[in-house]
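Scroll down for the structure; my scribbles are underneath it.
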Amino acid sequence: MFNTLNQTTYLDDQGHSIEAAKVDFIAPYQYGFDGFYKWQCGSCKFERATRSCGWSIAGQVLECESCHKRNLLVKTNCTEIDECIGMKNRLEVEIAELKHNQDKFQTHLKYAVAQKLAPLSTVIDGLLRDFRESEGKV
Ligand SMILES: [Zn+2]
């Protein structure tokens, strides 16, 4: 999903390499207590507390237990991330609406052109018929 992440691969909690393109969501985390970090799945909003055992929580890809989407845990400003993701989602909706309107316009245009050409087609057919008849008489 994310092709603009800084790294091309990340690690999951098992130490497996995960391609950046296979990361589904960015999930900001907060330190809780006793080595536990609170984070929320970007897809289903399932809240979790994960304890990092010998690995860094930052830049870790964790799969949501609930929806199985891959979340990249990041330590940064949550508001800015939310705004960026919100802006991206709004742009995707606007692009889909523009595409829908473009399709509607093209369908309407094809229909309008066909309606305008229909009488011309009748005239041309008549002229061709008259021409063929006149050639037959000669
Ligand atoms: Zn989830």
How long is the straight-line distance from [atom2] of [Y] back to [atom1] of [X], given to the nearest 0.5 Å?
| X | Y | atom1 | atom2 | result |
| --- | --- | --- | --- | --- |
| D24 | C67 | CG | SG | 8.0 Å |
| R51 | D34 | CZ | CG | 4.5 Å |
| D125 | D130 | CG | CG | 11.0 Å |
| K104 | L109 | NZ | CG | 14.5 Å |
| N101 | H108 | CG | NE2 | 13.0 Å |

Using every non-hydrogen atom in the two residues, find where [X] and [Y] come nearest and quote the distance to one decimal.
| X | Y | answer |
| --- | --- | --- |
| G59 | Y10 | O-CD2, 3.4 Å |
| E65 | R48 | OE2-NH2, 3.3 Å |
| I26 | L5 | CD1-CD2, 4.2 Å |
| S134 | F131 | OG-O, 2.7 Å |
| V61 | V23 | CG2-CG2, 4.1 Å |
| S43 | F25 | CB-CE1, 3.3 Å |

Fill in: Heavy-atom neighbours of N6 CG exceed 12 at 6.0 Å
no

Hydrophobic cluster membership, with links at side-chain heavy-atom distances under 4.5 Å among I/L/V/M/F/W/Y: are [X] and [Y] in one?
| X | Y | value |
| --- | --- | --- |
| L120 | V113 | yes |
| I57 | Y31 | yes |
| L73 | F36 | no |

Worksheet item: Got a salt bridge between K99 and D103, using NZ or NE/NH1/NH2 to carboxylate O under 4.0 Å?
Response: yes

Worksheet entry | side-chain contact (heavy atoms from CB on, under 4.5 Å) assessment of N71 paired with Q40 | CA-CA 9 Å; N71 289 266; Q40 187 179 47; over 6 Å; no

Discussion item. Let's go through C41 and S66 carefully: what are the C-alpha distance in whole Å and the side-chain angles of both, what is the deciding distance for side-chain contact (heavy atoms from CB on, under 4.5 Å) to 0.1 Å, and is it a yes or a no?
Written reply: CA-CA 9 Å; C41 173; S66 180; over 6 Å; no

Discussion item. Quick one, E92 with K88, criterion salt bridge (charged side-chain N to carboxylate O under 4.0 Å, His left out). Give me CA distance, side-chain angles, the key distance, then yes/no.
Written reply: CA-CA 6 Å; E92 285 175 355; K88 180 179 172 289; 2.8 Å; yes

Worksheet item: Okay, side chain of Q60, backbone of D12: is any donor-acceptor separation there less than 3.5 Å?
Response: yes

